[in-house]
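One structure is given below, encoded as structure tokens.
These numbers come from a predicted model, not from an experiment.
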Amino acid sequence: MTRNMSIHRLTGSFVMSAFMSMALSGVFSLLEFGVSWTWLRTWGQSILIALPIAFVLDMILGEKLRALADDLADKAAKAWS
């Protein structure tokens with residue numbers, strides 16, 4: 001793997017894991033606490049926990065899951081045409 005590809009993969013994994021950890025921890029903590037200061041504090045703490053976990057999972061499983069998603073999308077496109 002070239003250096004450029006490594007940087008591309010790390011950046012993609014970071015962006016995806018950051019988005020997903022912020023979005024999901026925000027939604028689930030909002031459902032638990034409603035809009036409040038407690039929600040904001042809990043959301044911030046949850047991001048700090050979720051981000052490294054999501055990043056590691058994306059680095060380990062990301063390529064395989066993207067390949068699976070591509071295969072499923074191809075099959076769905078063939079079925080609809």
Side-chain angles (χ1 to χ4, degrees):
M1 186 181 298
T2 65
R3 185 175 195 282
N4 191 30
M5 288 174 63
S6 295
I7 291 171
H8 185 267
R9 182 166 180 222
L10 285 171
T11 303
S13 290
F14 178 75
V15 169
M16 182 59 74
S17 59
F19 172 74
M20 293 304 291
S21 62
M22 285 189 282
L24 291 173
S25 63
V27 167
F28 288 115
S29 60
L30 177 67
L31 291 173
E32 179 71 23
F33 298 107
V35 178
S36 65
W37 291 112
T38 303
W39 167 62
L40 286 174
R41 185 178 64 245
T42 303
W43 186 15
Q45 291 169 346
S46 297
I47 291 169
L48 294 176
I49 295 166
L51 181 57
I53 295 168
F55 180 77
V56 169
L57 288 174
D58 191 76
M59 289 299 294
I60 293 169
L61 301 172
E63 299 246 348
K64 291 178 184 174
L65 291 172
R66 284 189 254 307
L68 175 63
D70 287 341
D71 289 344
L72 291 173
D74 289 342
K75 288 179 183 180
K78 287 178 185 175
W80 282 94
S81 58

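- Within the structure, ring pair (Phe, Tyr, Trp, His ring centres under 6.0 Å) contacts touching residues 42-72 (residues at least two apart or in different chains) are Trp39-Trp43.
- The OG atom of Ser46 lies 11.0 Å from the CZ atom of Arg41; values are rounded to the nearest 0.5 Å.
- Hydrophobic clustering keeps Leu61 apart from Met59 (ILVMFWY residues linked when any side-chain heavy atoms are closer than 4.5 Å, directly or through intermediates).
- Connection of Ile60 to Leu10 is not established within any shared hydrophobic cluster, with ILVMFWY side chains joined at heavy-atom distances below 4.5 Å, either directly or through further cluster members.
- With rounding to the nearest 0.5 angstrom, the CD1 atom of Ile53 is 11.0 Å from the CG atom of Leu48.
- In the hydrophobic clustering of ILVMFWY residues, with side-chain heavy atoms under 4.5 Å counting as a link, Leu24 and Phe19 come out together.
- Met16 CE: 12 or fewer foreign heavy atoms inside a 6.0 Å radius.
- Under the 4.5 Å side-chain contact rule for hydrophobic residues, Val35 and Met22 share a cluster.
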Contacts under 3.5 angstrom, residues 65-81 side chains, donor-acceptor by atom type, not counting sequence neighbours:
from	atom 1	to	atom 2	distance (Å)
Arg66	NH2	Asp58	OD2	3.4
Ser81	OG	Ala77	O	3.2
Ser81	OG	Lys78	O	3.1

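- Counting all heavy atoms, side chain and backbone alike, Ser21 lies closest to Ala50 at CB-CB, 3.6 Å.
- Thr42 contributes atom OG1, which lies 11.0 Å from atom CG of Leu30 (distance to the nearest 0.5 angstrom).
- Residues Met20 and Phe28 share a single hydrophobic cluster, defined by chaining ILVMFWY side chains whose heavy atoms lie under 4.5 Å apart.
- Once rounded to the nearest 0.5 Å, the distance linking OG of Ser25 with CG of Leu51 reads 9.5 Å.
- The main-chain N or O of His8 is never found under 3.5 Å from a side-chain atom of Thr11 such that the two would form a donor-acceptor pair.
- The distance from the CZ atom of Arg9 to the CG atom of Asn4 is 14.5 Å, given to the nearest 0.5 Å.
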